[in-house]
Amino acid sequence: MRYLTGMFERRNVDLSLRKFLSTLVRWALNIILFILIITQLGVQTSAFVAMIGAAGLAIGLALQGSLGNFAGGILILTLKPFRVGDFIQSSNGESGTVKEIDIFATKLHTPQNQLVVVPNGSLSNSSITNFTQLGTRRTWFDIRVSYSADLRLAKQVLLEVIAKNEHAFTDPAPQIMVTQLGDSAVNLSVRVTTSNDKFWEMQEQLIIDCKAALDKAGIEIPFPQRDIHIRTKG
């Protein structure tokens with residue numbers, strides 16, 4: 001095991017794959033050691049192998065789900081849709097930072113400081129959104145302005161706010177897009193790219209500064225409204 005650990009370090013093997021293979025090899029070595037010991041004690045190896053085969057068949061039938069998780073772990077480590085340290089979200093609803101990819105399950109650390117253990121079988125068969133693998137993230141939030149507002153002026157004000165933000169990337173260029181004519185307001189979509197580690201800090205700063213800049217420019221952000229119709233019996 002020490003030799004294997006040293007080889008992984010020399011070849012700079014991926015951390016998740018390193019832990020997976022180390023666990024697998026440790027189990028294999030323990031099984032071999034057990035067989036060698038009982039052989040030295042005089043137990044017939046042929047009978048023991050037959051017993052192991054029968055036990056293996058019974059255990060395999062009883063642990064079909066676990067074997068599916070084992071196969072899922074191999075697929076994850078082979079295809080590498082995510083690695084340790086990536087922030088992911090599955091189509092099943094689980095999301096968080098990958099802390100460990102084990103033989104049967106993957107451990108996620110959520111932003112709420114919770115540890116979620118997800119079976120590899122279900123994770124390998126779901127759609128995965130990897131937010132950090134590309135190295136950057138793009139914020140994407142909407143700001144609602146009044147129908148009476150000058151939309152070109154509103155876009156200019158928001159672009160000036162983005163230009164002053166120290167974490168906002170200029171390549172790809174930031175965008176302010178008119179996306180929807182809502183019931184009581186016009187939606188402007190703010191799209192800005194930054195590094196993974198500055199994403200939440202930049203997004204919070206942008207929301208605060210955009211609100212302040214629009215207020216200063218006299219551009220109203222209307223409160224959501226709904227029409228209520230009252231019917232009376234005459």
Side-chain angles (χ1 to χ4, degrees), residues 81-83 85-99 106 108-116 118 122-123 126-234:
F82 55 83
R83 301 185 181 189
D86 288 349
F87 186 88
I88 65 170
Q89 181 176 8
S90 73
S91 57
N92 297 328
E94 301 95 350
S95 63
T97 302
V98 179
K99 287 298 181 183
T106 296
L108 303 179
H109 186 195
T110 70
Q112 294 79 24
N113 198 31
Q114 299 169 333
L115 182 65
V116 179
V118 186
S122 63
L123 198 58
S126 65
S127 300
I128 302 294
T129 302
N130 193 321
F131 292 93
T132 57
Q133 192 174 62
L134 298 180
T136 61
R137 288 186 66 178
R138 191 170 179 84
T139 188
W140 200 291
F141 61 89
D142 291 339
I143 295 180
R144 305 167 69 254
V145 299
S146 171
Y147 269 96
S148 62
D150 184 337
L151 295 182
R152 290 184 175 82
L153 175 61
K155 291 180 63 173
Q156 180 182 347
V157 169
L158 296 177
L159 286 172
E160 290 175 355
V161 170
I162 295 171
K164 295 177 182 177
N165 191 287
E166 59 181 337
H167 304 308
F169 289 178
T170 56
D171 185 20
Q175 293 179 317
I176 306 295
M177 306 293 293
V178 180
T179 57
Q180 185 181 15
L181 299 176
D183 294 335
S184 58
V186 179
N187 286 352
L188 300 179
S189 180
V190 180
R191 306 171 184 179
V192 188
T193 303
T194 188
S195 59
N196 289 330
D197 58 330
K198 298 297 183 181
F199 175 79
W200 294 110
E201 181 180 351
M202 183 198 72
Q203 178 163 284
E204 181 186 29
Q205 290 179 359
L206 286 178
I207 293 174
I208 294 173
D209 294 342
C210 286
K211 168 65 166 58
L214 291 175
D215 289 344
K216 185 177 180 180
I219 299 174
E220 180 186 0
I221 301 178
F223 188 80
Q225 299 177 6
R226 293 189 178 183
D227 294 332
I228 300 176
H229 302 277
I230 301 176
R231 294 182 179 179
T232 60
K233 295 182 179 180

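Predicted, not measured: the structure shown is a model, and the values here were computed from it.
- Side-chain N or O atoms of Arg191 include none that pairs as donor or acceptor with a backbone N or O of Arg138 at under 3.5 Å.
- Across all their heavy atoms, Pro172 and Thr193 have their closest contact at CG-OG1, 3.5 Å.
- At least one side-chain heavy atom of Ile176 sits less than 4.5 Å from a side-chain heavy atom of Ile162.
- Between the OG1 atom in Thr136 and the CG atom in Asn196 there is a gap of 6.5 Å [rounded to 0.5 Å].
- For Asn130, the side chain to side chain contact (heavy atoms under 4.5 Å, CB included) test picks out Phe82, Asp86, Ile88, Thr132, Gln133, with sequence neighbours left out.
- Here the straight-line distance linking atom CG of Leu153 with atom CG of Leu158 works out to 9.5 Å at 0.5 Å rounding.
- The two residues Arg144 and Pro222 come nearest to each other via the heavy atoms NH1-O, 3.0 Å.
- Side-chain contact between Leu188 and Val145: present, with at least one pair of heavy atoms (C-beta onward) separated by less than 4.5 Å.
- Summarising the geometry of Phe141 relative to Gln203, their closest heavy-atom pair is CD2-OE1, 4.1 Å, with the distance given to 0.1 Å.
- A heavy-atom distance below 4.5 Å is not found between the side chains of Gln205 and Lys198.
- Rounded to the nearest 0.5 angstrom, Asp215 CG and Cys210 SG are separated by 11.0 Å.
- With hydrogens and angles left out, the side-chain atoms of Asp197 and Ser195 include a donor and acceptor closer than 3.5 Å.
- For the pair Arg137/Trp200, a side-chain contact is recorded, criterion being any heavy-atom separation below 4.5 Å from C-beta on.
- Considering all non-hydrogen atoms of both residues, Ala168 and Met202 come closest at CA-SD, 3.8 Å.
- With contacts defined as side-chain heavy-atom distances shorter than 4.5 Å, the pair Asp209/Lys164 does not qualify.
- Residue Glu201 places its CD atom among more than 12 non-hydrogen atoms of other residues, nucleotides or ligands, all under 6.0 Å distant.
- Phe131 pairs with exactly one of Trp140, Phe199, Phe87 by the ring-ring contact (aromatic ring centres under 6.0 Å, His included) rule, that one being Phe87.
- Residues Val192 and Phe169 are not in side-chain contact: their nearest non-hydrogen atoms beyond the backbone lie 4.5 Å or more apart.
- Within the model, atoms CG of Leu108 and CD of Glu94 stand 7.5 Å from one another, a figure rounded to the nearest 0.5 Å.
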Evaluate side-chain contact (heavy atoms from CB on, under 4.5 Å) for Asp142 paired with Val190, printing each intermediate quantity in order.
-> CA-CA 6 Å; Asp142 291 339; Val190 180; over 6 Å; no

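- Applying the side chain to side chain contact (heavy atoms under 4.5 Å, CB included) rule to Ile221 yields the partners Ile143, Lys211, Leu214; only residues at least two apart in sequence or on another chain are considered.
- Using a 4.5 Å heavy-atom threshold, the side chains of Asn92 and Ser122 count as touching.
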